[in-house]
Structures are given as C-alpha cells and as structure tokens.
Amino acid sequence: MKTKALESWERDMLRCIRCAYCFVDCPILTELGWESAGARSKVILSYGLKEDEIECNQLIKDRLFQCCLCAQCEINCPAKVEVGGVVRAARKDLVEAGHYFEAHRVMREMVKKTGNVYGEEKKDFHYPKVGAEFALFVGCVGKHREEESLKKTVALLKKLGVSLTSIDEVCCGGVFGDVGFQASPEDAEHIKEEVKKAKVKKLLTTCPMCYRTFKEDPRFEGLGVEVLHITELLEKLDLPVKTNRKITYHDPCDLGRHSDLYDVPRNVIRKFAPDFQEMSKNRENAHCCGAGGGVRGSFTRLSIDMAKKRLQEAIDTGAEVLLTECASCLHNLKNARKRKQKIQIYNISEYLSLLMDGEVG
Amino acid sequence: MLEELRAVVGDENVSDDAADRYVYGSDASMHQSSPSVVVRPVSAGEVQKILRFANGRKIPVVPRGAGTGESGSAVPIDGGIVLDLKRMDRILEVRPEDMFCRVEPGVVNDELNRQLKPYGFFFPPTPASGKVCTIGGMIANNASGMRAMKYGATRDAVLGLKVVLANGDLVTMGSATIIQASGYQLERLMVGSEGTLGVIVEATLRVRPLPEERTVGRAVFYELTQAGDAISKIVATGIVPSALELMDEVAIKSVNKALGAGLPEVEALILFECDGVKASFHHEIKKIKRILEECGAFDIVISDDPQEMEKLWEVRSSVFPATSMYKENRIRATLAEDVTAPVSRLRELVEGIHQIARDNDLLIGTYGHAGEGLIHTAFLVDPRLPDEWDRTRKAVDEVFALVRHLGGTTSGEHGIGISKAPYFKKERQDLLELMRGVKKVFDPNNILNPHKLMDAPEDFFTATKLRYPIKERR
Ligand SMILES: Cc1cc2nc3c(=O)[nH]c(=O)nc-3n(C[C@H](O)[C@H](O)[C@H](O)COP(=O)(O)OP(=O)(O)OC[C@H]3O[C@@H](n4cnc5c(N)ncnc54)[C@H](O)[C@@H]3O)c2cc1C
Ligand code: SF4
Ligand code: SF4
C-alpha cells in the first residue's frame, strides 16, 4: 500500500516513545479494551503500514477509523506526538488505497448532491438582512438532526437583538479531512463567496467543527471575516434570565481541546446559572461524547456506548440539566439517554432561549 | 489452538489478527516480535486453563500488563500466546486495619492509589509510568520510583501472591501478614521474575498510611557534578527524604519544551520531598537546604502547596517521553536506562556517562531517582544517521562497564528483558546455572516468557527485529 500521506508523519511516529500514557481516558480504548484500539497502537499500526511491515486488513482499517479524533491522547502525550495528524494521514492513505467506509463515501456524494452530509433536501433558515453584523453558519448536523434546538438558538439571537443574516450554506467539509477524503475546494469557494456577498465583518458559527474548519482549514484562507463561535458572542451579551437549577457542562472536543475554548462557555453558563457543577472529567480531560472523527457514521453503536458513559458522568454530578454547545454532541448525548434518565440535555443557546420564553425553569 | 482458547475465554477475547499480533509484539523497548495469538482472560480459572493447554502443547506464553516495560520483557521473542491481563483489574479488598490490600494483576498503579486514598493509605512504589502500568507488571519487573528511597520498591510491598504455574496449578505464596518467616519466601522469587516463572493472578500488597504533610523543594546547580555530590552528601547524613531526584540539562530542556514546565535551564536540578509530620521533618528540610547550599546550589525553592507539588511530580514523570522533544530528528531509544550504583558513587556515575557520550559523539541525558543511586540514560539518537547506532551500541557497552566498575547493578527498576540481558549475564555469571535450575523447577517445558533474563540472546541488537528504521542500515 502506498503511504504518501504518512511519509510526512514519520518524525511523530518515531518520536512516540510507546509509553502508553495515551491509554488514559481514550474513550475508544475504554470501550474496546484491546490495546490495538488505543492511541499508541494507532501510531504503531500507521508506522507498520508505512514501513510495509503489515498489510491493511479489515481490523487494521477498523482500528484506524475507530478514533474520535478527540485529542485526549495528545493532551496526555508528553512527547507531543500529534496522534490526530498521524491518524488522519493513515486514513488518507487507506482511502487512497480503496479502504474507506461506505458511510463516509456516501456523505461525500451527498454533499455533492445536496450540500449537506445527509443528502436531505436543502433546509435553509432564511432571514436575509442587509447590513447585518454577523452571517450565521449553522452546519449540517444542526440543520438536519437538531433542527428544533437550532430554531431556539436562532430565536435567542433574535431576542437578544443580534444583527444576523443567513447565507446559502453548503457543508463546510471539516469532516472529510477527518475520514480520509478530500474536502471540496469548490464548496469552500462557495462559502467564501456567500460571506462576501453578505457584506458582514463576522461569521458566527453554532457548530464547533465548522468553527474550527473556518479557522484552520487552508481552503478558507482569505475568508476575510472574523470567525466566532456562538459562545464567544453570548459571553459578551447581557442575558436577562436566571435559573436556579443545577447545571453541568460537556466540553465538545472541537471547542475545548481543539480550540482552547474552555472558560468562554463556562462564563456564559455562570451568568445565568449560579448552581454550576463540573463533571469529574472536564476541560482538557473531558471525555469525548463519541460523535467525532467519523465514528458515529462508521461505528454507530460504539459511538452511542461512549455517549452513554459521558451522560452517566453528567448524571453523577447530580445536575438536572446538561448543557453543551455542539449539535453533534447534543445529538449523540440525547440518543444515549434512556427514558428513565431524568437529566435534560440542551445546547446552552437553546436552553437560554427556552428560559427567556419561560418554557423551562 | 484458537478453538481451545476461544472455548476458555470466549471468541471476543482471542485474536490472531495481524493488527493485534503486530501491536502486542512490542512494548516501550526497541524490540518487536509478534505473538501468534493474543488472549484476554478475566479470571485465575481462565489463566489456569490457558496454561494447562499451552503446557500440553509446549506453546510459549508471555504475560502482559500495559506493555510499558522498557527492556522488552513483555515482547514474545518466540511468538506463542500473549496473555493480556488488563481485564483482571479488580481491587478485591482494602484492609487498612491489617495494612494490606488484595488486588488482581491488571489493576493500574494510580487507580489503586485513588481507591486507597479515602482509607488514608497509599501504595508507595510510585513509578513514573504509574498512570498506566499494572500491578502484575510492577511485581514482575520489581518496579520502583522516587518514593522507593523511603518506602522501598515493589518487592518490599509484596506480602503474598496467587500464582498460576506453567502446568496450570494455582498456588499461594507468602501470607496476608506483615511479617512471615515460614520458609522460602517464594513470593519474593516471583518479584523480578519477568513472567518467566508463573502468572501472578492476585497480589496481597502492603499499604502505608498517607503522610499527613509533604514539602517539596527544588535546587538549581550550574554544574552537574555539584548536584551529584549534594545527593551523596544528603544520603550520607542519614536523612531519608521521600524523594530525591536529579535532572540534567537535557531532561530540564525537554520538559520545558514539551510541557512548558518553566524550569530554570541550568546544568542540573535536584528535586526533593520530605513527608510525615512537618514539625519533625522541618529540621530535615533545613539540613538538606544547608547541604545543597554548601554544594553550590542557588535558587532553592521550597513549597508545601499541594498543586505546585503535583505539578512538579507530573513534570518529573513526563521526562522520559518528553526527551523525544529535546532536539529535532532525535528520538529517545530505550537503552541502558536504569543503571544503578551505590549512592556514594553517584557523581562518578553521572560524570562517567557524560564522558562516554562525549567520547562517542552522542547525546545522552541523565536523570533519575538519584537518592537511590539510579540514573536513567536518555540516549537521543538520530535513527537515520548511518553510524549513530554503532556508536550507540559501543556507548551502551561502556555505560554498563562503568556501572560494574562502580559496584553497581545492571537494572535498578525496569528489569532485564532482552536489551539488558548480555550485561546482566556478565553481572550475575556465577548465578546463571542456579537461575536456570529454578526456572526448570517452575517451568520444565520452558513455556513461560522463554529466552529472557539468563536465557536471552547474547546480542540484544540482533535478538529481535527493532522498531526503528535502523534495521535497513545494519
Ligand atoms: C514513561 C515510562 C516511565 C517509566 N517509569 C518507571 C519508573 O519510574 N520506575 C519503574 O520501575 N519503571 C518505570 N517504567 C517501566 C515500566 O513502567 C515498569 O517496568 C512497569 O512495572 C511495567 O508494568 P506493565 O504493566 O507495563 O508491564 P509489562 O511491560 O506489560 O510487563 C512487564 C513484565 O512483567 C510481566 N508480567 C506482567 N504481568 C504479569 C503477571 N500478572 N504475572 C507475571 N508476569 C507478568 C511481563 O511478562 C513482562 O515480563 C517506565 C516506563 C515508561 C514507559
Ligand atoms: S503518550 Fe505519546 S509517546 Fe506515549 S505512547 Fe502515546 S503517542 Fe506515544
Ligand atoms: S483521539 Fe481520542 S479516540 Fe482517538 S486515539 Fe486519541 S484519545 Fe483515543
């Protein structure tokens, strides 16, 4: 197998001292137990492929795709091995050699057809406004899997007087680099064009993955506007509501470990919820909900099992409400909840909107 | 073989897939050799059945914890079965009134300490790898760490063991008492046996009361030799700190680079800790401080802020992997690693290692549990430079010759495995036959982790495939 992408990661793979410190808190390893599922092994397997010591088979492919790219291992790695970079490169080479997951390939096709990863009919929230301060970008998962929540978020922004306009969205493509496919440069151009047309200074994202993609993906160079996550905006606004309910917060990996936004969402929550309780694993050590890295598409059960564990950690705090600010985390955590589990799960912005409408306490 | 193993542990706990065979063929050493199959038992009964089967067929069996051993002790040099024991991770009981706990071998060191804390106790060995390494691996390698100085190594904590022998018999060694004089201390024989004599399936471990208070200190030296002298002098006064660690410039710069540790970048740093009741160790801290100053230390910082202490020890436990960050293109090869000399010879040991580095034009960092006379050698090699490995091998030979000359020992805490076997054999030459005799009694068919320790190949470099690109260049 050709390993062109992995070639440039040789240094990281050799730097890995194989200390196994990355065993700690790897959500996939916790679920599967086999060492081959952990971060150290992803580096070992990638190196083996590069050195032609092993040939790709189903399990090697599975192991390299069983990774949420949550970056917990990178936090734990004292040799600063970029495990995520190695895994992404390995996936790129695997896909190149034809070892891809159908779910991921189909997503790519769907985006080509309909502009979203689900291949569903375009569902745009239309509120075009000339001279708005922000263009809002909501992303595929919010629009197509958490629409009710998203509507509340948009309603909140309106209630708070945020000057918004919508754009003609297509998928930001962030997920494709994660699963070994190439993200579409044309789609990036389209988004850039739309933002330009909207004549705004700022692009406001609700999805942490989109946020990261706009900030980091070279396709979005020259975007020409400031990119903000919705929590960064909410932190600056007056929130005219309060709740006495006990709240806890789940750090989305793309917002926390990948974007270093730990305090911002907490500052927002503290403004309206004085009774805030951290989960035992929080901030840079927050366990992943299992939705990321393409795992939900290719290993759905595994993904839900991780979400169940994370949800239990939230319940263990004694909180009545679990907040996050990511449509993917929200969706996965909600899917993991059993009927008898009373904890309520919302995005922060959604919950605020409901509070303002008096629909929750 | 697969059928029989699956019948014991279930389909989902047996794998002969290339992915698992490749991954379980290495540990934190430079060696690589794949097993035929990996099995994950969950009980002593399952281990018994597996060993009975393997013994009947004369199939090698290599027990494995977290695979953090640095000398290849868990690498299945002859293939066969790797027994991944991490599913056996129950803490069976904690009996503070009897000062012991009973655990399965897959329990992780730090997890045990988390569970002991509410009882006001701890398990003292404290290896830097404690967040992942298992009790089974610690016993089999006789692991220790910075607190061994005061509280002893793993061997000092092992009161009793349940062990599955090569023929599948389950035996109990030692007892659940703090002292025992009931004949041969076979549980002690299992300590450091590196999986060659039996599979530990349960351990009764002595635990110690958590000290009421702790104070840590940090002293900075312009010269490494001054720091070496200071350590020998502190130990010679009879003070027993709960930790006395040395870090040289390579170690310091590595953690600064990798973790932003913010340590002063000088030739050497001593970290020390005293514990107990402050009123009593206050005096010791003063004495240590005086000796450090006499030896040329400056910028001595002393703190009893728990967060600061935790940060400092976290930094210390990251030195090994962090050294891979020291210089572009140089990676940490696990070689020599834990050479140990009488503490009074520490300065000579450290000086000697750095001289060997200069003579061979190599980069070797030194740090470690210096209060115990242990120095980690961080060989930072460029695996792509053609002659780097030849000079490295020569330097390894010289380091071990130096250690023997100083009256030290091949391994202080990581064990022998494959990488250190040639030097261990030199050190223990008068005992090799005796050890082979012991092995034969326990394991007549030589199925348990064969070709390790006294039976390991003469040249560690060619003993297995190595995991670096070096193999093409040999
Ligand atoms: C970054 C890093 C830092 C380290 N720091 C230290 C340190 O400070 N102090 C120290 O002493 N060591 C240290 N080590 C070395 C290593 O962590 C220890 O030797 C540890 O005890 C190995 O435990 P493990 O569970 O990983 O065992 P493994 O590596 O899996 O196995 C080690 C040996 O034990 C045998 N074994 C495992 N389980 C059993 C069992 N149940 N029954 C019989 N045999 C068994 C194996 O066959 C093998 O021979 C460090 C290693 C790393 C990578
Ligand atoms: S923590 Fe880093 S260096 Fe250690 S095994 Fe994992 S990736 Fe390798
Ligand atoms: S990124 Fe997350 S899931 Fe993937 S190996 Fe690292 S810790 Fe495990």
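Here is the naming used below: chain letters follow the sequence lines, and residue numbers restart at 1 for every chain. Basis for what follows: all heavy atoms, side chains included, without hydrogens, waters or symmetry-related copies.
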Please flag which part of [X] lies under 4.5 Å from any non-hydrogen atom of chain A: side chain, backbone, both or neither.
| X | answer |
| --- | --- |
| B:Asp110 | neither |
| B:Val108 | neither |
| B:Lys86 | side chain |
| B:Arg64 | side chain |

Chi angles and distances behind the ring-ring contact (aromatic ring centres under 6.0 Å, His included) call for A:Phe65, A:His104: CA-CA 11 Å; A:Phe65 277 91; A:His104 301 153; 5.7 Å; yes

Examine whether an atom of [X] lies under 4.5 Å from a heavy atom of chain B, and if so say whether it belongs to the side chain, the backbone or both; otherwise answer neither.
| X | value |
| --- | --- |
| A:Ile44 | both |
| A:Cys16 | backbone |
| A:Leu32 | backbone |

Output yes when [X] and [Y] qualify as a salt bridge under the 4.0 Å nitrogen-oxygen rule, no when they do not.
| X | Y | answer |
| --- | --- | --- |
| B:Glu314 | B:Lys131 | yes |
| A:Asp263 | A:Arg266 | no |
| A:Arg18 | B:Glu70 | no |

Residue of the set B:Pro321, B:Ser129, B:Ser318 for which side-chain contact (heavy atoms from CB on, under 4.5 Å) holds with A:Cys19: B:Pro321

Given the options [options], which has more heavy-atom pairs under 4.5 Å with chain A than any of the others?
| options | value |
| --- | --- |
| B:Val132, B:Ile331, B:Asp27, B:Thr68 | B:Val132 |
| B:Lys257, B:Arg332, B:Gln32, B:Arg330 | B:Arg332 |
| B:Asn13, B:Val23, B:Thr334 | B:Val23 |
| B:Ala66, B:Ser317, B:Ser15, B:Ala322 | B:Ala66 |
| B:Asp84, B:Val319, B:Val14, B:Leu259 | B:Val14 |

Can you tell me if [X] uses its side chain to pair, donor with acceptor, with the backbone of [Y] under 3.5 Å?
| X | Y | result |
| --- | --- | --- |
| B:Tyr24 | A:Glu35 | yes |
| B:Asp338 | B:His414 | yes |
| A:Ser259 | A:Leu261 | no |

Contact leader toward chain B among A:Arg40, A:Arg15, A:Lys80, where contacts are heavy-atom pairs under 4.5 Å: A:Arg15

Best-contacting candidate, A:Tyr21, A:Trp34, A:Phe23, against chain B by heavy atom pairs under 4.5 angstrom: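 Winner by heavy-atom pair count: A:Trp34.
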
A:Glu102, CD atom: more than 12 neighbouring heavy atoms under 6.0 Å: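 Result for CD/A:Glu102: enclosed.
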
